[in-house]
Amino acid sequence: MPKKKGADAKKLTLKAAKKAIHITQDGRRRLTLSNMGLTIFPKCLFKLSNVDELDLSRNLIQKLPDNIGSFTSLRWLDLHSNKLESVPESIGNLVGLTHLNLANNCLTTTGLPSSLGFLCNLKSLNLGLNQLNALPPTLERLDHLQELGLSDNLFAKLPEFVQTLRNLTKLNVTRNPFTYVQAKDERMKKEKSEQKDEVYLVHESRLCKQCLKTCKAETERVLRGGRRRGKRCERVDMLGEKKKTFLGLMTPNSVAAVTQDVWRIKAKKQTAN
């Protein structure tokens, strides 16, 4: 039976793998197999035990072999943009690794082995663009870790041990749920602190001459710092508030609360007429 067209397109031979090896400027042997449509981890790579750096990024690999830890010579491993759902425990044997990129996969918290804490020489770890909501506590052992990527995950809070990583200089946690929660909490705290000077916005056409005069006097008093002494106050335009999409007056509760019913009655009469 003839082979289907392209049936071998996603396979890799040992010969092709050897040709893909090149020497970096610092003398390391790097094997680059990025964006080749690979769906499985090439078994032939286990015959290249002298490779220092391995790039399998931008493929379609769903699973790593259980014996991935046999690549003990690896110092740099890039697996970003694949379809990995978990990482084998044996990865902890790669104690020489200094850079590990697992970003943009399908990793969940249960898919991360505790053996990652054995990578004692790791300087850079990228776990961004996954489905993580927690990290193995053993990662607190990564004393040499300098860069940690956790962006675009499901973290509700930052793992406490991250703050104890003494050499950590770069931490990316953008676009996680807790960033929005924190922002919301800060906004709520700010709003709560401003509740002492709550105001009502009322159009001047709803006020009688006496009320309008009183409101202007109260507004001027607030602008002079009567209630917020020592704080910077933004000037409020009596004919319009820039932060709103309508014209109106900013009046303290002490004035607005007394005359609300009057304004409603006048508004109903004007509508009826």
Side-chain angles (χ1 to χ4, degrees), residues 17 28-34 38 40-59 61-155 158-173:
R28 294 188 177 185
R29 294 169 60 85
R30 175 179 292 184
L31 174 55
T32 303
L33 301 172
S34 178
L38 300 174
I40 60 174
F41 188 94
K43 294 182 179 180
C44 64
L45 299 187
F46 288 105
K47 297 180 180 181
L48 302 175
S49 58
N50 60 346
V51 171
D52 301 304
E53 302 181 356
L54 177 58
D55 182 1
L56 284 167
S57 64
R58 299 185 179 90
N59 281 294
I61 300 174
Q62 298 181 4
K63 184 179 179 181
L64 295 177
D66 292 334
N67 58 339
I68 187 69
S70 62
F71 283 98
T72 53
S73 63
L74 281 184
R75 299 293 179 268
W76 190 86
L77 178 59
D78 192 348
L79 292 163
H80 86 266
S81 301
N82 276 281
K83 294 187 176 182
L84 298 175
E85 297 181 359
S86 62
V87 178
E89 283 282 347
S90 67
I91 198 170
N93 295 333
L94 305 180
V95 293
L97 272 185
T98 58
H99 294 76
L100 176 59
N101 192 347
L102 293 169
N104 196 21
N105 277 282
C106 304
L107 296 172
T108 61
T109 298
T110 56
L112 287 184
S114 58
S115 60
L116 284 175
F118 298 151
L119 304 180
C120 54
N121 291 300
L122 206 60
K123 295 181 179 180
S124 176
L125 174 61
N126 193 347
L127 297 171
L129 288 163
N130 279 291
Q131 302 170 27
L132 306 172
N133 56 23
L135 295 177
T138 53
L139 294 189
E140 65 180 355
R141 305 173 185 170
L142 304 181
D143 292 335
H144 292 86
L145 195 64
Q146 300 174 5
E147 302 178 3
L148 177 60
L150 300 175
S151 66
D152 299 277
N153 274 287
L154 304 174
F155 290 97
L158 186 68
E160 294 183 2
F161 69 82
V162 171
Q163 302 178 22
T164 66
L165 297 175
R166 56 187 180 183
N167 289 309
L168 193 65
T169 57
K170 294 182 180 180
L171 175 63
N172 188 351
V173 293

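What you are looking at is a predicted structure, and each value in this text was computed from that prediction instead of being measured.
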inquiry  = Contact between N93 and V95 at the side-chain level, heavy atoms closer than 4.5 Å - yes or no?
reply    = no
inquiry  = Do L107 and L112 have side chains that approach each other closer than 4.5 Å (heavy atoms only, starting at C-beta)?
reply    = yes
query = So do L116 and L139 actually touch side chain to side chain, heavy atoms under 4.5 Å?
reply = yes
inquiry  = Using the side-chain hydrogen bond (donor to acceptor under 3.5 Å, both in side chains) criterion, which residues pair with N133? Sequence neighbours excluded.
reply    = T109
key: Contacts of T164 that satisfy side-chain hydrogen bond (donor to acceptor under 3.5 Å, both in side chains) - sequence neighbours left out   = none
message = As an exercise, state the distance from CG of L165 to CZ of R141, rounded to the nearest 0.5 Å.
response = 13.0 Å
key: Working for side-chain contact (heavy atoms from CB on, under 4.5 Å), residues R58 and H80   = CA-CA 6 Å; R58 299 185 179 90; H80 86 266; 3.6 Å; yes
message = Between N105 (side chain only) and Q62 (backbone N and O only), is there a donor and an acceptor less than 3.5 Å apart?
response = no
query = What are the two closest non-hydrogen atoms of L119 and L142, and how far apart are they?
reply = O-CD2, 3.2 Å
task = Go through S57 and S34 one step at a time and tell me if the side chain to side chain donor-acceptor pair (under 3.5 Å) criterion holds.
result = CA-CA 5 Å; S57 64; S34 178; 3.0 Å; yes
Side-chain heavy atoms of L171 within contact of V162, under 4.5 Å = yes
key: Test log, rule side-chain contact (heavy atoms from CB on, under 4.5 Å), inputs I40 and I61   = CA-CA 5 Å; I40 60 174; I61 300 174; over 6 Å; no
task = Would you please test D78 and L54 for side-chain contact (heavy atoms from CB on, under 4.5 Å) and show each step?
result = CA-CA 6 Å; D78 192 348; L54 177 58; over 6 Å; no
message = Going by side-chain hydrogen bond (donor to acceptor under 3.5 Å, both in side chains), name the pairs with one or both residues in residues 64-76, residues two or more places apart or in two chains.
response = none
key: Gap separating the CG atom of L64 from the CD1 atom of I91, nearest 0.5 angstrom   = 7.0 Å
ask   = Is any side-chain heavy atom of L100 less than 4.5 Å from a side-chain heavy atom of L122?
value = yes
inquiry  = Just verifying a value: how many Å separate Q146 CD and T98 OG1, rounded to the nearest 0.5 Å?
reply    = 9.5 Å
key: Listed partners of D55 passing salt bridge (charged side-chain N to carboxylate O under 4.0 Å, His left out), at least two apart   = none
inquiry  = With heavy-atom distances below 4.5 Å as the criterion, would you say the side chains of L102 and N126 are in contact?
reply    = no
L127 vs L135, side-chain contact (heavy atoms from CB on, under 4.5 Å): CA-CA, chis, key distance, verdict = CA-CA 10 Å; L127 297 171; L135 295 177; 3.7 Å; yes
task = Go through the structure and list residues passing ring-ring contact (aromatic ring centres under 6.0 Å, His included) with F118, not counting sequence neighbours.
result = none
Please report, to 0.1 Å, the donor-acceptor pairs under 3.5 Å made by any side chain of residues 41-49, with sequence neighbours excluded.
none

query = Restricting to pairs with a member in residues 113-123, which pass side-chain hydrogen bond (donor to acceptor under 3.5 Å, both in side chains), not counting sequence neighbours?
reply = E89-S115
remark   = d(N104 CG, L79 CG) to nearest 0.5 Å is 12.0 Å
request  = For F161, enumerate each residue passing the ring-ring contact (aromatic ring centres under 6.0 Å, His included) test, keeping only those at least two apart in sequence or located in another chain.
outcome  = none
request  = Measure across L31 and V51 and return the closest heavy-atom pair with its distance rounded to 0.1 Å.
outcome  = CB-CG1, 3.9 Å
P136 to P113 - nearest heavy-atom pair and separation = CG-O, 3.8 Å
ask   = Got a sec: does the CD of Q131 have more than 12 other heavy atoms crowding it under 6.0 Å?
value = yes
task = Check whether any side-chain N or O of N153 sits under 3.5 Å from a backbone N or O of F155 as a donor-acceptor pair, and report yes or no.
result = no
Pairing residues for E147 by the side chain to side chain contact (heavy atoms under 4.5 Å, CB included) criterion, not counting sequence neighbours = S124, K170
message = Give me the atom names and distance for the closest heavy-atom approach of P65 to S90.
response = O-OG, 4.5 Å
task = Would you please name every residue forming a side-chain hydrogen bond (donor to acceptor under 3.5 Å, both in side chains) with H99, sequence neighbours left out?
result = none
ask   = Considering all heavy atoms of both residues, which atom of N82 and which atom of L56 are nearest to each other, and what is their separation?
value = ND2-O, 3.0 Å
ask   = Should L150 and L158 count as side-chain neighbours, where that means a heavy-atom distance under 4.5 Å?
value = yes
message = Which residues pass the side-chain hydrogen bond (donor to acceptor under 3.5 Å, both in side chains) test with S86, not counting sequence neighbours?
response = none
key: Within-4.5 Å side-chain heavy-atom neighbours: D143 and C120   = no
ask   = What residues form a salt bridge (charged side-chain N to carboxylate O under 4.0 Å, His left out) with E53, not counting sequence neighbours?
value = R28, R30
task = Please report the C-alpha distance between T110 and T108 in whole Å, then the side-chain angles of each, then the deciding distance to 0.1 Å, and finally whether the side chain to side chain donor-acceptor pair (under 3.5 Å) criterion is met.
result = CA-CA 5 Å; T110 56; T108 61; 3.1 Å; yes
